[in-house]
Amino acid sequence: MTAKSSRAYKLKLSDDGIALFLNCHGRICLLVRDLLPYGTTLHVSVGALTCLSTDDLVAEASASDLIHYGGREVRFVGTSTRLATTMSALIARIVASKKLHPVPQNWKLFLAALRVLQATDDKLIVRLYDELCEQDPGMKPRRLDPTDLTATSS
């Protein structure tokens, strides 16, 4: 049996949360000039969260206005299983800080990550995307070789 290379992650969003996600997604797509899977946006946003100091991470994860982006709309976003490792490391940092109990659920950390991404510098977003693609080449969209396309005429 082979290991899974992808996994679906659960997001619990309000209408504003969906708008936040889509705004972040569109921004990344524009910055890297490509159409990307939604999972790439989730992964890059969590990467932005890992760049924060532990104190800033705790502050973002416990921000009272995060609830504004959470809601009853459940969406599943598929991305690399590597995201689970990154999320575990973030949770370990929060636990080690002893500043936030209980540790927020993953969907709330995803919302914090999207908010952080919203305020992140364009150059850092591109760097995070490039690093993600280097670590996990499956995250980079596959481009077809134009010579593989067969011309059709009517």
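What's counted below: heavy atoms across the whole structure, side chains too, no hydrogens, waters or symmetry copies. Counting from 1, the numbers follow the sequence of the chain as shown.
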Step by step, would you call Gln135 with Arg82 a side chain to side chain contact (heavy atoms under 4.5 Å, CB included)? CA-CA 9 Å; Gln135 294 169 0; Arg82 294 179 71 110; 3.7 Å; yes
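- Using a 4.5 Å cut-off on side-chain heavy atoms (C-beta onward), Tyr129 and Thr40 make contact.
- Between the Arg7 side chain and the Val77 main chain, no donor and acceptor come within less than 3.5 Å of each other.
- Annotation for Leu109 and Ala61: closest pair CD2-CB, 3.6 Å, computed over non-hydrogen atoms.
- In this structure a side-chain-to-backbone donor-acceptor pair under 3.5 Å is present from Ser14 to His68.
- Side-chain contact between Leu22 and Tyr38 is present, with at least one heavy-atom pair separated by less than 4.5 Å.
- Two residues are said to be in side-chain contact when any heavy atoms from C-beta on lie closer than 4.5 Å; Ile28 and Leu117 meet this criterion.
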Distance-only donor-acceptor hits, side chain of residues 96-103, under 3.5 Å, sequence neighbours excluded:
{"from": "Ser97", "atom 1": "OG", "to": "Ile94", "atom 2": "O", "distance (Å)": "2.6"}
{"from": "Ser97", "atom 1": "OG", "to": "Lys99", "atom 2": "N", "distance (Å)": "3.2"}
{"from": "Lys99", "atom 1": "NZ", "to": "Asp55", "atom 2": "OD1", "distance (Å)": "2.4"}

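- To the nearest 0.5 angstrom, Phe21 atom CZ is 6.0 Å from Leu114 atom CG.
- The two atoms that bring Phe76 and Ala8 nearest to each other are CB-CB, 4.3 Å, heavy atoms only.
- The cluster map of Ile, Leu, Val, Met, Phe, Trp and Tyr, joined by side-chain heavy atoms under 4.5 Å apart, puts Leu11 and Tyr69 in the same cluster.
- Residues Trp107 and Lys10 are not in side-chain contact: their nearest non-hydrogen atoms beyond the backbone lie 4.5 Å or more apart.
- A distance-only check finds a donor-acceptor pair linking the side chain of Asp121 to the backbone of Lys123 [under 3.5 Å].
- For the pair Leu83 and Phe110, the minimum side-chain heavy-atom distance is below 4.5 Å.
- Nearest heavy-atom pair across Leu52 and Arg93 is O-NH2, 2.6 Å.
- Not counting sequence neighbours, the partners of Arg27 by the salt bridge (charged side-chain N to carboxylate O under 4.0 Å, His left out) test are Asp122.
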CA sep, side-chain torsions, deciding dist, call: Arg115, Glu60, salt bridge (Lys or Arg N to Asp or Glu O under 4.0 Å): CA-CA 8 Å; Arg115 280 194 1 151; Glu60 289 294 337; 3.4 Å; yes
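- Across all their heavy atoms, Ser45 and Ala113 have their closest contact at O-CB, 3.4 Å.
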